[in-house]
Amino acid sequence: MELDERKIKILNAIIQTYLDTGEPVGSRTISKFSDLDLSSATIRNEMSDLEDMGYIFQPHTSAGRIPTDKGYRFYVDNMLKEKTAEAEEQNKVMVQKVDRLEEMLKQVVKLLATSTNYASMISAPQPQVSKLKFIQLSLVSGYEILAVMMLEGGILKHRVIDLDSPLEEQDVVRLNLLLNTYLQGKALGDINLALIQEIKKHDQSHKDTISHLIDIIAECLQEEETEIYTSGATNLLKYPELGDREKSTQLLSAFEDKKSLEEFISDKDDANSDNHGIQVYIGSESPVQSMQNCSVVTATYEIEDGVYGTIGIIGPKRMDYKKVVGNLETVMKQLDAIYKKNDDDDD
């Protein structure tokens, strides 16, 4: 006997309900699922078949059913298959967009350096808040598991995790199911003590492992990977006040150090304000010590809801601020128009 679509829906409903309540699930409860539209009698017959097939069992007479390891395995495999297919499709679209956007950003940063005669930088857009799309755990050995996490934006992260106590294959299946059920779509700020306690309640025997895994997920959500493109560094040497050998060496080194430039990217408080997120750092206001003989003007652009990047112009303190701000506003409008057009072409 094979699992048809109706049996799969009933099995999924049983597992989802059991995960939520921790109590055996009866046919009357399942009949309330709106997408089933089946009588309790029909559901009882299907549940009997599922029990004969080894996907669910009755813990004691007159009780409802709960999933077996085989049931959990079927549920997890299908869930991960669906999520992987969805992620692959999203990844294809994302790669195309990223390729186009990367080329566009490189052109933009060169254009800005040429038109202003200063140095310029631009960061690739990143989601303001990272969310977990799904996590897949695989057993490497009894004391090691591989955690592969897909975050919003198609970002993949993986960690090999050492365990204090060994896990069996069925333990990993349950943990996969449990973590995906409770953490899919969650951002770092959503993972609070109450949620962690709720997750642990469903698997008391692996509380320490769950804590460790959630710490790893939180760490990955917190990590930022920002690509920054630059152009026109040698333009800075044209200005006498920046041409001193020692100062220019420090300045060029800072401009090439992406970590230094990230100091200008982290502040997006004004992203939605009337000044388009434009910020001006004059001399000592710069967060980068070696750029305190310069002025830096940055602007925040948004290519889709909650996905931001930063454009910056670096020049002498006597830079033409009006021209720089005008250039930044023009570029932001162009990015907005181009990217929206690309999105429309994909639809």
Side-chain angles (χ1 to χ4, degrees), residues 12 15-16 18-20 22 66-91 94-95 98 126-227 259 262:
N12 286 340
I15 293 175
Q16 288 167 13
Y18 182 67
L19 278 171
D20 290 337
I66 66 176
T68 63
D69 286 355
K70 182 179 179 181
Y72 281 128
R73 168 52 69 189
F74 181 85
Y75 182 84
V76 170
D77 285 351
N78 276 274
M79 177 190 68
L80 293 179
K81 193 183 298 180
E82 288 172 8
K83 291 295 179 185
T84 301
E86 176 189 331
E88 285 175 353
E89 185 57 36
Q90 288 182 346
N91 209 37
M94 185 64 64
V95 166
V98 167
Q126 293 287 331
Q128 194 172 31
V129 178
S130 289
K131 293 182 179 179
L132 179 72
K133 289 189 72 68
F134 74 91
I135 179 170
Q136 183 168 358
L137 306 175
S138 304
L139 196 62
V140 178
S141 68
Y143 285 89
E144 279 187 334
I145 53 175
L146 171 66
V148 179
M149 289 150 282
M150 173 162 276
L151 310 184
E152 207 165 60
I155 299 169
L156 277 175
K157 308 233 178 183
H158 58 85
R159 298 284 190 279
V160 175
I161 302 167
D162 295 323
L163 306 170
D164 293 329
S165 56
L167 290 179
E168 301 291 337
E169 184 65 40
Q170 60 266 30
D171 298 324
V172 177
V173 170
R174 288 195 186 97
L175 288 171
N176 260 316
L177 181 56
L178 194 57
L179 293 174
N180 279 290
T181 298
Y182 282 96
L183 297 181
Q184 274 183 358
K186 293 288 192 293
L188 183 61
D190 300 323
I191 304 175
N192 53 36
L193 185 59
L195 179 63
I196 295 170
Q197 292 301 328
E198 181 67 22
I199 296 171
K200 288 181 177 179
K201 185 176 75 177
H202 291 288
D203 195 341
Q204 294 287 327
S205 58
H206 297 108
K207 290 192 294 184
D208 290 343
T209 300
I210 289 171
S211 292
H212 192 20
L213 286 167
I214 291 176
D215 286 344
I216 295 294
I217 292 169
E219 176 188 305
C220 289
L221 287 172
Q222 202 166 20
E223 289 177 351
E224 292 187 7
E225 295 178 2
T226 306
E227 187 67 49
K259 289 293 181 184
E262 284 178 8

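In this text, all values refer to a predicted model and were calculated from it rather than measured experimentally.
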Within this structure, what is the [atom1]-[atom2] distance for the pair [X] and [Y], rounded to the nearest 0.5 Å?
X	Y	atom1	atom2	result
S138	E144	OG	CD	12.5 Å
L178	E198	CG	CD	9.5 Å
L167	H206	CG	NE2	5.0 Å
L188	I217	CG	CD1	11.0 Å
L132	K157	CG	NZ	11.5 Å
E168	L139	CD	CG	8.0 Å

Open item on the list: Any non-hydrogen side-chain atom of L195 less than 4.5 Å from a side-chain atom of I214?
Closed with: no

Task: Side chain to side chain, I210 and D203, heavy atoms closer than 4.5 Å - done: yes

Tell me whether [X] at atom [atom1] has more than 12 heavy atoms from other residues, nucleotides or ligands lying less than 6.0 Å away.
X	atom1	answer
D215	CG	yes
Q170	CD	yes
K186	NZ	yes
N192	CG	yes

For [X] and [Y], which heavy atoms make the closest approach, and how far apart are they?
X	Y	value
G185	D190	O-OD2, 4.4 Å
A147	L137	CB-CD2, 3.6 Å
G71	I15	O-CD1, 3.5 Å
C220	M149	SG-CE, 3.6 Å
K200	K207	CE-O, 3.6 Å

Do any N or O atoms from the side chain of [X] and from the backbone of [Y] form a donor-acceptor pair under 3.5 angstrom?
X	Y	result
H202	L19	yes
N12	Y75	no
N180	F134	no
D77	F74	no

TODO: Only one of L213, I135, I199 passes side chain to side chain contact (heavy atoms under 4.5 Å, CB included) with L183; say which it is.
DONE: I199

Task: Option from N176, D171, V140, L163 for which side chain to side chain contact (heavy atoms under 4.5 Å, CB included) with I145 holds - done: L163

Open item on the list: Determine whether V173 and D69 satisfy the following criterion, side chain to side chain contact (heavy atoms under 4.5 Å, CB included), listing intermediate values before the conclusion.
Closed with: CA-CA 8 Å; V173 170; D69 286 355; over 6 Å; no

